[in-house]
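The block underneath contains the structure these notes are about, expressed in structure tokens.
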Amino acid sequence: MELLRSIRLEQVNWMLRSPATRAAAKLHSVSEVAQHFGFRSRGNFAAIYRQHFEESPRDTLLAAA
């Protein structure tokens, strides 16, 4: 399960860093991207993301803009 979660986190990270990919998928917010990859709890997702990447998902999204 840990491997699958790590793969999904990498996919979220990739999508947050790629504005063109987000636009093509019609996903605009961190919450929409997280839900697209199966993360249902925003708080839990943010904590796991921060632990894995050492930054918040919002910071990743803003850095890509």
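Since the model is a prediction, treat every value here as computed from it, not as a measurement. The first residue in the sequence is number 1, and the count goes up from there.
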Side chain to side chain donor-acceptor pair (under 3.5 Å) against Glu2, all qualifying residues, sequence neighbours excluded: Arg5
Just wondering, do Tyr49 and Thr60 contact through their side chains at under 4.5 Å, heavy atoms? yes
Among all residues two or more places apart in sequence or in another chain, which pass the side chain to side chain donor-acceptor pair (under 3.5 Å) test with His28? none
If you round to the nearest 0.5 Å, how far is OG of Ser41 from CD of Gln35? 10.5 Å
Residues in side chain to side chain contact (heavy atoms under 4.5 Å, CB included) with Ser56, at least two apart? Arg50, Arg58, Asp59
With sequence neighbours left out, write down each residue that passes side chain to side chain donor-acceptor pair (under 3.5 Å) with Thr21, or none if nothing qualifies. Ser18
Ring pair (Phe, Tyr, Trp, His ring centres under 6.0 Å) filter on Phe37, not counting sequence neighbours, yields none
Residue list, ring pair (Phe, Tyr, Trp, His ring centres under 6.0 Å) with Phe39, at least two apart or on another chain: Phe45
Which Ile, Leu, Val, Met, Phe, Trp or Tyr residues join Ile7 in one cluster when any pair of side-chain heavy atoms under 4.5 Å counts as a link? Leu3
When you compare the side chain of Phe53 with that of Val12, does any pair of heavy atoms fall below 4.5 Å? no
Quick check: is Leu62 connected to Val30 through a chain of hydrophobic side chains (ILVMFWY, heavy atoms under 4.5 Å apart)? no
What residue pairs, at least two apart or across chains, pass salt bridge (charged side-chain N to carboxylate O under 4.0 Å, His left out) with a residue in residues 15-24? Arg17-Glu55
Nearest-0.5 Å distance that lies between atom CG in Leu61 and atom CG in Asn13: 11.0 Å
Residues Pro19 and Ala64: closest non-hydrogen pair is CG-O, 3.7 Å
Partner set under side chain to side chain contact (heavy atoms under 4.5 Å, CB included) for Leu27, not counting sequence neighbours: Met15, Ala25, Glu32, Val33, His36
Not counting sequence neighbours, list each pair that qualifies as a salt bridge (charged side-chain N to carboxylate O under 4.0 Å, His left out) and has a residue in residues 6-16. none
